[in-house]
Engineer: 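Dumping the structure here so I can ask a few things about it.
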Amino acid sequence: MSKNTPKAIRGTQDIFGPDAESFAFVVETFERVRKLYRFRRAEMPVFEKTEVFSRAIGETTDVVSKEMYSFEDRSETSLTLRPEFTAGIARAYLTNGWQQHAPLKLATHGPLFRYERPQKGRYRQFHQIDAEILGAGEPQADVELLAMADQLLKELGIEGVTLHLNTLGDAESRDAWRAGLIEYFSAVEGELSEDSQERLHKNPLRILDSKDPRDQAFVADAPKIDAYLSDEALAFFESVTRGLDAAGVKWKRAESLVRGLDYYRHTAFEFIPDEGSAAADALGSQSTVLGGGRYDGLMESLGGPSTPAVGWAAGIERLAMLVGERSPEPLEAMVLLEDDAGLTKATQLLSDLRKAGFVSDMIASGSKKKRYDKAVKQDPRAILRVNESGYYGYAGDAIDPALSEFLKDKV
RNA sequence: GCGAUCGUAGCUCAGUUGGUUAGAGCGCCGGUUUGUGGUACCGGAGGUCGGGGGUUCGAGACCCCUCGAUCGCCCCA
């Protein structure tokens, strides 16, 4: 590589080969499943006014305070490359009057941007698939959304991943729990890890999923959300779990599961690889493959009317790491030009093949004596030989009967 | 932002305690062989050893700086 060639931006990737096939498989499967569940497709801009994210996600979150790609455009408006889908979707819902379609089931996918240190399963430009149900406050919406996620993972052939489920309760429950946690951890502040001492003031819920053993000793006996749940919040959660059971979605209660962003209420969930599974191994230290929850307060933070909603997002790259290699479309016919004088006829044949729907390609360059080797290396089901007078025969035994029919009158 | 490991052909890597013109396999290009066939052999193109400084008679190897990559922490999908 010349030193003159510009390098790709850190944390961006050029996806090609087997990885690109896996990526496409994830997206195709998502598209198929979302149609099955009647989620409607939507496309949103990749950038928004910065306040869309700062107000929706929360100023103090890591995403907003240090991970956004923000810049001023020529009219000096602060813009930001979207670090997640939900805020932009909420903005679109409000500015386009999509309330008229409520409850609205939406699906989308595309690139997101976060200024983070890249590592396995984690990039600065990454890609997610996303599903949301907007304007639906009933627990059945949560069930529907999770059932779809569960089926998607199954259809992707991903195993060893479990739905971890929790409730953060309604706003009052959550606040009371938070206060209880602060009180509990403050008493032992000096014995917590440095990170958790910091968390105690910034985001006490986060202490619960600390990986530091010094914290874990205290986490076990920390106050549980259940003790603070209002009757309504408890009933809501029970209704969600009953629905999941009815829909055949396996789940596991995760009392210390919290989500990083401020807007979550009630249901919170993550699909996480089981410890020791092949999936956990493939993902390195990135655990969550799909995550989301209910965000009833979000629309108001953007100046809209109170609008209940649930959603999830999943990292396409992370899913792609779990689906294994996708075998490419079999090459049905390789046209082999043995004499350059037959090029026109070979080109015609190739064109006819493709119009008839046969996956086909042609070898017509380089040393004539090596063309056959090149053709064989691509593992075609049939090699169609063309000399100066045109097509005259094929080689290959696993040939498609339809192709053999097609070739009958070509000689 | 912090930490660890690593940067030698297009790719995967060798390069022995620092010592002549820096190597292999694969891939690519050409040739010979074979001739319903992914064979074998021969040859060719392609490297300022990530970049800069230093130590030394001599650095791909050692030291410093820098850039980049990978993995982990934080956080997250």
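Reckoned from all heavy atoms, side chains included, excluding hydrogens, waters and symmetry mates. Naming convention: chains lettered A, B, ... in sequence-line order (proteins, then strands); numbering from 1 in each chain.
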Engineer: For B:G47 and B:G23, measure between their C1' atoms and round to the nearest Å.
Structural biologist: 11 Å

Engineer: Between A:Thr288 and A:Glu270, is any side-chain donor less than 3.5 angstrom from a side-chain acceptor?
Structural biologist: yes

Engineer: Rounded to whole angstroms, how far apart are CZ on A:Phe16 and P on B:G10?
Structural biologist: 17 Å

Engineer: Decide side chain to side chain donor-acceptor pair (under 3.5 Å) for A:Asp215 and A:Ser193; before the verdict, give the C-alpha distance in whole Å, the side-chain angles of both, and the deciding distance to 0.1 Å.
Structural biologist: CA-CA 6 Å; A:Asp215 301 328; A:Ser193 67; 2.7 Å; yes

Engineer: Of the options B:C75, B:A77, B:U39, whose atoms approach the side-chain atoms of A:Gln128 most closely?
Structural biologist: B:A77

Engineer: Hey, does the side chain of A:Lys211 come within less than 4.0 Å of B:C76's phosphate (OP1/OP2), counting only N and O?
Structural biologist: no

Engineer: Could you give the distance separating B:A4 and B:A9 at their P atoms, to the nearest angstrom?
Structural biologist: 26 Å

Engineer: Mind telling me whether A:Tyr295 and A:Tyr264 have parallel, tilted or perpendicular rings, with 30° and 60° as the class edges?
Structural biologist: perpendicular

Engineer: Can you check nucleotides 66-71 of chain B for protein contacts, nitrogen or oxygen pairs under 3.5 Å, and list what you find?
Structural biologist:
from  : atom 1 : to       : atom 2 : distance (Å)
B:A69 : OP2    : A:Arg10  : NE     : 2.9
B:A69 : OP2    : A:Arg10  : NH2    : 3.0
B:C71 : OP2    : A:Lys120 : N      : 3.1

Engineer: So, taking the atom named CG in A:Leu298 and the one named OG1 in A:Thr307, what distance separates them when rounded to the nearest 0.5 Å?
Structural biologist: 9.0 Å

Engineer: Do the side chain of A:Arg206 and the base of B:C76 come within less than 3.5 angstrom through a donor-acceptor pair of N or O atoms?
Structural biologist: no

Engineer: Need one value for A:Lys374: base, sugar-phosphate or nothing, where a base atom within 4.0 Å counts as base even if backbone is also close, heavy atoms only.
Structural biologist: sugar-phosphate

Engineer: Considering only B:U36, B:G38, B:A77, which nucleotide approaches the side chain of A:Ala395 most closely?
Structural biologist: B:U36

Engineer: What I want to find out is whether A:Arg124 reaches A:Glu116 closely enough, with some N-O distance under 4.0 Å, to be called a salt bridge.
Structural biologist: no

Engineer: If I pick the C1' atom on B:G27 and the same atom on B:U17, what distance separates them, to the nearest angstrom?
Structural biologist: 36 Å

Engineer: In a check of side chain to side chain contact (heavy atoms under 4.5 Å, CB included) between A:Trp251 and each of A:Asp245, A:Asp150, A:Val240, which one passes?
Structural biologist: A:Asp245

Engineer: Using the P atom in both, what is the distance from B:C57 to B:C65, to the nearest Å?
Structural biologist: 24 Å

Engineer: Between A:Phe126 and B:A77, do the rings stack, that is, sit under 5.5 Å apart with planes less than 30° off each other?
Structural biologist: yes

Engineer: Do A:His201 and A:Glu189 have a side chain donor and acceptor closer than 3.5 Å?
Structural biologist: yes

Engineer: Could you check A:Tyr37, A:Trp312, A:Phe271 and say which one makes a side chain to side chain contact (heavy atoms under 4.5 Å, CB included) with A:Leu152?
Structural biologist: A:Trp312

Engineer: Which value, in whole Å, describes the distance between the P atoms of nucleotides B:G44 and B:G18?
Structural biologist: 33 Å

Engineer: For A:Glu338 and B:G35, give me the distance from atom CD to atom C1', rounded to whole Å.
Structural biologist: 11 Å

Engineer: Over how many whole Å does the gap from A:Leu322 atom CG to B:A77 atom C1' extend?
Structural biologist: 12 Å

Engineer: Could you give the CD1-to-P distance, from A:Ile57 to B:C76, as a whole number of Å?
Structural biologist: 11 Å

Engineer: For atom C1', what is the distance between B:A14 and B:C73, given to the nearest Å?
Structural biologist: 35 Å

Engineer: Rounded to whole angstrom units, what separation is found between the CG atom of A:Leu336 and the C1' atom of B:G35?
Structural biologist: 13 Å

Engineer: For RNA chain B, whose closest nucleotide is more 5', that of A:Glu270 or that of A:Ser210?
Structural biologist: A:Ser210

Engineer: Any donor-acceptor pair under 3.5 Å between the side chain of A:Arg371 and the base of B:G37?
Structural biologist: no

Engineer: Using the benzene-type ring in the case of Trp, are the ring centres of A:Phe185 and A:Phe218 under 6.0 Å apart?
Structural biologist: no

Engineer: What is the distance, rounded to the nearest whole Å, between atom CD1 of A:Ile399 and atom P of B:U36?
Structural biologist: 19 Å

Engineer: What is the distance from NZ of A:Lys377 to C1' of B:G27, rounded to the nearest Å?
Structural biologist: 8 Å

Engineer: Distance check, P atoms only: B:G52 and B:C67, in whole angstrom units.
Structural biologist: 15 Å

Engineer: With RNA chain B as reference, determine whether A:Arg385 or A:Glu116 sits nearer its 5' end, using the nearest nucleotide of each.
Structural biologist: A:Arg385

Engineer: Hey, are A:Lys154 and A:Glu159 close enough for a salt bridge, meaning a charged N less than 4.0 Å from a carboxylate O?
Structural biologist: no

Engineer: Considering only the C1' atoms, how many Å lie between B:U21 and B:G60, rounded to the nearest integer?
Structural biologist: 15 Å

Engineer: Given A:His109, which of A:Glu43, A:Arg34, A:Arg41 fulfils the side chain to side chain donor-acceptor pair (under 3.5 Å) condition?
Structural biologist: A:Arg41

Engineer: Anything below 3.5 Å on both distances counts as a pair; with that, list the stems of at least three consecutive Watson-Crick or G-U pairs involving RNA chain B.
Structural biologist: B:1-7 with B:67-73, B:10-13 with B:23-26, B:28-32 with B:40-44, B:50-54 with B:62-66

Engineer: With a 4.0 Å cut-off on heavy atoms, is A:Glu84 in touch with a base, just the backbone sugar-phosphate, or nothing at all?
Structural biologist: nothing

Engineer: Can you tell me how far P of B:A77 sits from CG of A:Leu156, to the nearest Å?
Structural biologist: 19 Å

